[in-house]
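Following: one structure in structure tokens, then a few remarks.
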Amino acid sequence: MRILVTGGAGFIGSNFARLVTKERPEWETIVLDKLTYAGNPANVRDLRAMQGFSFVQGDICDKALVGDLIPGCDAVVNFAAETHVDRSLAGADDFVRTDILGTNTMLEVVRHHPRIRYLQVSTDEVYGSLPTGSAVEDSPLNPGNPYSASKAGGDLLALSYHRSFGLDVVITRSSNNFGPYQYPEKVMPLFLTNVLEGKPVPLYGDGMNVRDWLFVEDNCRGVLTVLEKGVSGEVYNIGAGNELPNIEVTMMILDAVGASSDMIRYVEDRPGHDRRYSLKCDKIARLGWAPSGDFPGQLSRTAAWYRDNRAWWEPLKSGEFKDYYRRMYEGRRGYSETSPVSG
Ligand code: NAD
Ligand code: TYD
């Protein structure tokens, strides 16, 4: 078995590559990654010495390159994407290019090699905000921001290649992941590392937006389950049932690093901020997958990882990130480095 893991130098892709090299040592794993700001060779440095692991720097939109790499593989697992909602609100060109055009570029290659299984890694965000209830796999897509709209475009293309050309396509849609190696723009590593640097944490709006928190290793096991057992043409939700308002998760994060609620700054909300995501995950449960549970324990292990791995995240928060942070936060209503929160 030889698999191409695109976006494998990012957060989830690198955790997936690590899981596969450990649990399927007989497989050959090729990581293809463009190394955008979010891609980091350090995320897979420990894997480079492993037999059967190789790394290629390149773009999933490069048809010649993917045309070279894909035909020798048995499966493609596409993690490669632009992934941060706030960046998509600032400008969506790269999202449309990678998440839609890049997906199509690979599907076009797979089309001529129909024995290859293609797994598209997607998100609960494609269902949009749900005031009540939980999304099942055939719930309507109702993306609320340019990131989720681009991901929905990728999903629809992948499904259309299954229906039109019989490609062996499967899709996973997971909830918010957290764990080691997550780029510190996402809320959990941003808040953890801010506190470790003695900086406040900017909580959007009223802090009552709800996300379902899924430990990255659980998601990776889910992706592997769908890769091996998923039915062609089907979509599988992957969630953990840890639906919590952001303020509660923030309090748990602060607690995990010994900080108090004085570190919270309620800042101007994200435009179009989806209020609540929620997934029903009975379908993947029928394939034998279940989340491992213990959200508080997973969160405290994650906090310990960021505390112990400053050498990993400190370089990421210098340079371009400082400009990003200034642009994204410092002009925001409610943002302050100094004043304590007043309730
Ligand atoms: P990430 O931003 O950490 O990593 C994305 C990786 O893709 C990076 O290594 C980047 O260099 C690479 N990449 C970007 N554009 C590329 C291109 N054109 N060609 C090749 N490589 C490219 O993202 P992540 O959080 O690891 O997410 C991985 C996948 O999972 C994405 O498809 C995302 O939509 C999906 N997802 C993420 C979450 C989450 O909570 N993080 C939840 C659900 C779904
Ligand atoms: P994020 O990690 O950006 O993931 P997503 O938007 O894909 O769910 O954000 C998770 C939640 O945290 C979301 O409701 C927005 C909120 N959030 C903040 O309150 N402050 C922040 O600085 C960030 C980045 C996110």
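Counting starts at 1 for both ligands and their atoms, in listed order.
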Heavy atoms only, cut-off 4.0 Å: how does [X] contact ligand 1, side chain, backbone, both, or neither?
X    : answer
Y183 : neither
T83  : side chain
F95  : neither
L35  : backbone

How about [X] and [Y]: are their ring centroids closer than 6.0 Å?
X    : Y    : result
Y183 : Y37  : yes
F178 : F215 : yes
F16  : F11  : no
W305 : Y181 : yes

Backbone N or O of [Y] within a donor-acceptor pair of the [X] side chain at under 3.5 Å?
X    : Y    : answer
S164 : Y161 : no
K151 : V121 : yes
N145 : V85  : no

Are [X] and [Y] ion-paired here, with the side-chain N under 4.0 Å from a carboxylate O?
X    : Y    : answer
E185 : K317 : no
D74  : R117 : no
K280 : E137 : no
D59  : R97  : yes
R275 : D206 : yes

Which one holds for [X] and ligand 2: side chain close, backbone close, both close, or neither close, with close meaning a heavy atom under 4.0 Å?
X    : result
F191 : side chain
H84  : side chain
V187 : both
N246 : side chain
T123 : neither
V201 : neither

Counting from 1, what ligand 2 atoms have a heavy atom of [X] closer than 4.0 Å?
X    : answer
L190 : 22 (O)
V85  : 6 (O), 7 (O)
L203 : 19 (O)

Ligand 2 to [X] polar contact by distance, N or O atoms, under 3.5 Å:
X    : answer
P202 : yes
N209 : no
N176 : yes
Y277 : no
R270 : yes
E125 : yes
H273 : yes

| task | Check the angle between the aromatic planes of Y204 and Y329 and answer parallel, tilted or perpendicular using the 30° and 60° thresholds. | result | parallel
| query | Heavy-atom contact under 4.0 Å between E185 and ligand 2? | reply | yes
| Are any of the heavy atoms in Y329 under 4.0 Å away from ligand 2? | yes
Run the numbers for me: atoms of ligand 1, each under 4.0 Å from some heavy atom of [X], listed by number.
X    : answer
S122 : 43 (C), 44 (C)
K151 : 31 (C), 32 (O), 33 (C), 34 (O)
V121 : 29 (C), 30 (O), 32 (O), 35 (C)
S175 : 42 (C), 43 (C)
D59  : 17 (C), 18 (N), 19 (N)
T123 : 43 (C), 44 (C)
A80  : 7 (O), 20 (C), 21 (N), 22 (C)
F79  : 28 (C), 29 (C), 31 (C), 32 (O)

| So which of N142, N237, V136, D274 actually passes side-chain contact (heavy atoms from CB on, under 4.5 Å) with Y127? | N237
| note | Partner of L19 under side-chain contact (heavy atoms from CB on, under 4.5 Å), picked from R24, E217, R221, is R221
| Side chains of Y277 and E125: closer than 4.5 Å at any heavy-atom pair? | yes
| request: Check whether any N or O atom of C61, backbone or side chain, sits under 3.5 Å from an N or O atom of ligand 1, and answer yes or no. | output: no
| said: Is it the case that ligand 1 has an N or O less than 3.5 angstrom from some N or O of N40? | reply: no
| request: Report yes or no: is the cationic atom of K186 (NZ for Lys, CZ for Arg) closer than 6.0 Å to the six-membered ring centre of F191, at no more than 45° off its axis? | output: no
| Any G102 heavy atom less than 4.0 Å from ligand 1 | no
| field | For R173, the option from D138, D155, D124 that meets salt bridge (Lys or Arg N to Asp or Glu O under 4.0 Å) | value | D155
